[in-house]
Amino acid sequence: MLLTLPTLLAGRIRRGVATALILGLLAGEVTVSAATSDTAPRLEYQVKAGYLFNFLRFTDWPPQALPAGAPYRIGVVEDASTYNIIAETLRGKTVNDRAIEVVYLNSRDPIRSCHLVFIPRSADAASLQLSPNAEQESTLLVGETADYALHDGMIGFVQRGHNIRFQVNLSAAQHAGLKLSSRLASLAEIVRSPSP
Amino acid sequence: MKPLRVTLSVTSLLTFLFGLNLSLAQTTDYTELSLEELSAVRIFTLGRKQATLFDTPNAAAVVTGEDLHRAGALDLAEALRIVPGVQVSRIDSFNYGISIRGFNDPRSSKLLVLMDGRSLYSTTSTGAYWNYHELMLEDVDRIEVLRGPGASLWGANAMNGVVNIVTKPADATLGTLFTVATGDELETSIGLREGLRINQATALRVYAKFQDHGNYGVTTDTSSGGWSNSLVGTRLDWQRPGGGGLTVIGEARSLRVKGATIFPAIIPPYYVAVPDVQRTRGGNLSAHWVQPLFGNGEVSVLGTYELINSTKVAAGEDRSTYGLDLQVTLHPWSRHEIITGATFRKDTDELTESDWVTYHEPHGRTYFTGVFVQDEITVLPDRLLVTAGSKFERNTFTGWETQPSLRAILRTTKTQRSWIGLSRAIRTPSREEREIRTFGGVWPPQPGIPLPIAVYATGSHTLDSEHVTAFEFGHRYEPNPSLSFDLALFYNRYTDLRATPIAGMNLIFTPVPHVQQEVLATNNLYGSARGADFTVRWQPISSLKIEGSLAAVSTVLHEYVPGNPPDLSIEGLTGATPKHEYKLRFAWDPLPAWSFDVSGHRIDRLPGPKLPAYTGLDARIAWHPRDYFEIDLVGRELLDPMHGELSKNFIGAEVRETSRSFFLRLTYRH
């Protein structure tokens with residue numbers, strides 16, 4: 001009863017928390033760790049997990065990034081409570097005949113192994129190790145800070161009244177070799193990065 | 001640094017332990033929803049937690065700030081008119097009776113009203129002082145209404161419903177807002193707000209509002225004429241880097257009611273109008289701290305202070321209220337969400353006496369101290385949820401009270417939910433009900449009774465709390481995001497309701513011969529109320545929203561000790577609630593710069609203070625050529641030249657009638 005998540009996931013959390021713990025002990029100052037993370041309002045992140053599920057459904061990854069039969073990997077950065085809610089909501093789900101794995105990422109972890117990375121508001125997005133050619137890694141970056149889709153990633157959650165909606169930056173997705181279906185685009189608020 | 005590190009590792013460990021034990025206590029699996037359905041999910045806070053209207057095991061309704069603006073509401077009482085299941089009856093220019101599921105009266109004694117968590121319930125006279133608690137309606141995020149008992153979480157006096165007014169955080173109201181309105185009944189309304197960001201984590205707003213209302217309706221008496229109120233306030237929000245934060249609200253209010261107060265008299269015409277200027281002044285201060293706890297949990301502490309000073313001919317009061325509300329949310333085991341906390345309230349009052357009202361003990365100090373605990377258990381994941389909880393509270397008037405609640409919600413299909421609720425709630429006596437001695441009314445001489453009868457009402461220290469046991473059932477059906485049906489049925493058993501049976505008769509010869517009849521407050525009534533609330537929401541096209549609702553209630557009360565003649569308070573308690581009340585609201589945006597709103601209501605006749613049924617129609621037309629500028633014209637009661645809604649609760653009181661009215665409003669935001 002006490003431990004219901006699969007051992008696999010539990011192991012991942014344990015590793016994440018342990019890393020945070022060790023970092024906290026080693027560093028001379030308090031580091032941003034899972035322990036001081038945002039209290040995730042559960043319902044809000046259940047709804048966002050529902051969106052992430054749909055983002056997987058309506059995005060095409062290049063075949064080299066997503067071999068046949070491989071599971072989708074979602075990374076949740078640096079927030080144990082958000083990670084827990086998303087992992088639990090997506091546990092055991094399949095989409096497009098693929099399983100979904102949700103992994104916990106520290107801001108220092110490379111993101112390249114994930115198909116979708118969600119960066120919660122509380123995570124230190126700046127320190128996230130986006131490799132120089134992250135875009136070529138075909139990772140769909142989803143965030144929730146203000147103008148996230150415009151400046152940093154491809155999809156950003158926005159609050160509209162009491163509803164949760166999302167913004168999409170199509171050119172950023174295209175640069176990363178991702179194809180977002182027209183269905184996804186038709187329900188999104190489209191934003192365009194300022195021309196360089 | 002060492003102790004800090006130790007603390008951190010302990011917290012990390014706790015996060016690890018508690019963070020794992022996560023249950024998604026929800027009957028909806030959000031991965032089953034399409035993108036359209038997800039984007040239609042609206043998240044509120046119902047029952048001290050995040051919830052949607054679809055998945056909450058309560059009869060609930062929410063109106064947003066935009067709904068209030070479109071309804072042309074200018075004050076709190078008028079704002080509640082559009083909420084399904086809430087009965088709002090205007091008594092005169094200034095007084096309202098507002099109720100849920102019966103027992104409508106000028107005091108709204110069975111409703112608990114909260115503004116940003118601060119209770120507006122008056123321990124002096126029960127209920128909320130509707131028009132004193134003025135607010136900037138433009139800064140209201142939403143009003144959440146739970147129908148039925150909410151006592152297992154909020155405690156005493158959340159008997160028939162909880163009204164929770166939530167204002168927007170300061171970072172959602174940046175910039176300038178200026179609004180001015182004028183009309184035939186409302187003479188002036190001016191509101192001004194300035195919101196600014198102090199740094200990335202901190203925002204502040206300051207606001208001021210003034211309203212001046214003219215006389216109301218058509219009447220032969222001269223009682224309460226115009227009234228005016230003013231409000232100044234500020235709200236500061238600071239977001240804590242790790243989540244949570246601090247909210248501080250400070251406000252000052254003033255209310256002035258001109259006119260006269262009608263008192264009974266034992267010489268013809270058996271009433272006397274005493275010129276009166278009622279003044280109520282006060283302020284409130286609250287601080288709310290929220291912080292994450294163990295990763296998935298949360299702790300919230302709210303401290304409030306309020307001061308009210310009221311002077312009027314009949315009776316005044318000086319009251320200070322301290323409140324403390326601690327809430328902790330935890331997920332200690334899988335499939336369990338525990339909400340627990342403690343509440344404290346202290347009221348100190350000094351009541352002012354007059355020729356018509358005296359008190360056994362004009363100075364009072366009352367305490368409410370309680371704890372609450374609730375466990376939401378996922379019995380079958382994504383299918384069945386059970387919520388069990390109780391509040392244990394001690395109050396100065398009636399000692400310890402237990403107010404439990406058991407609820408369950410079942411997902412029958414993806415688009416349907418059924419829920420049941422069984423709960424018990426109490427209403428404590430008020431200071432007035434315990435202490436008052438008042439000359440309450442006069443029966444003029446009638447055939448067979450040649451003398452006038454003067455009624456004196458006396459409060460009692462032996463008065464116990466009123467109790468309700470509520471049985472509720474609800475069903476919801478949302479075939480698609482733009483159409484929903486919400487039905488709630490209830491059966492409430494009331495015991496120990498306060499009555500005012502006749503306790504004695506004396507023949508008095510001065511100043512003129514009359515009969516003096518004594519009535520004494522006792523818990524002499526019991527009975528039941530049964531009824532249904534039904535709401536339909538439909539958005540056939542994106543520019544048109546329709547909401548229709550029906551509230552039906554039927555109340556039957558009996559005396560434990562039959563009086564002869566039967567207690568008149570039964571008629572007062574049951575007679576002011578219509579058996580059926582229908583509401584229908586259209587919000588239509590035919591063109592980008594134009595909005596139309598039409599709302600109709602049909603109120604059954606009232607048997608108590610006899611009033612005929614009436615149908616009302618309100619309408620609004622708005623032109624907003626720019627984002628920052630809007631001008632709108634609001635018309636009220638367009639169909640009905642005159643109707644009464646509720647009488648003041650004393651013998652011989654006459655019902656004031658209202659007629660159609662208009663106002664023009666200009667809103668500027670930048």
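Any value given below was found using the heavy atoms of this structure, including those in side chains, with hydrogens, waters and symmetry copies removed. Proteins come first, then strands; the chains are lettered A, B, ... in the order of their sequence lines, and each starts at number 1.
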Checklist entry - More than 12 non-hydrogen atoms from neighbouring residues, nucleotides or ligands closer than 6.0 Å to CD on B:Glu36, yes or no? => result yes

Checklist outcome for this item: With sequence neighbours left out, the residues meeting side-chain hydrogen bond (donor to acceptor under 3.5 Å, both in side chains) with B:Arg197 are none

Checklist entry - Under the side-chain hydrogen bond (donor to acceptor under 3.5 Å, both in side chains) test, which residues partner A:Glu189, sequence neighbours left out? => result A:Arg160, A:Gln167

Item to check | SB check B:Asp29 A:Lys93 (cutoff 4.0 Å) | outcome: yes

Checklist outcome for this item: Under 4.5 Å to a heavy atom of chain A? For B:Thr329 that would be neither

Checklist entry - Would the number of heavy atoms belonging to other residues, nucleotides or ligands and lying under 6.0 Å from NZ of A:Lys179 be above 12? => result no

Checklist entry - Where does A:Leu52 contact chain B at under 4.5 Å (heavy atoms): side chain, backbone, both or neither? => result neither

Next on the checklist: Going by side-chain hydrogen bond (donor to acceptor under 3.5 Å, both in side chains), name the residues that satisfy it together with B:Trp289, two or more places apart in sequence or in a different chain.
Outcome noted: B:Gln291

Item to check | Interface moiety of A:Leu187 toward chain B, non-hydrogen atoms closer than 4.5 Å | outcome: side chain

Item to check | A:Asp97 atom CG, neighbour heavy-atom count above 12 within 6.0 Å | outcome: no

Next on the checklist: Which atoms of B:Leu35 are under 4.5 Å from chain A, going by heavy atoms: the side chain, the backbone, both sets, or neither?
Outcome noted: both

Item to check | Contacts of residues 57-69 of chain A with chain B (heavy atom under 4.5 Å) | outcome: A:Phe58

Item to check | Residue A:Gln159 versus chain B: region with a heavy atom under 4.5 Å | outcome: neither

Item to check | Step-by-step side chain to side chain donor-acceptor pair (under 3.5 Å) determination, B:His624 to B:Ser595 | outcome: CA-CA 8 Å; B:His624 31 86; B:Ser595 299; 2.9 Å; yes

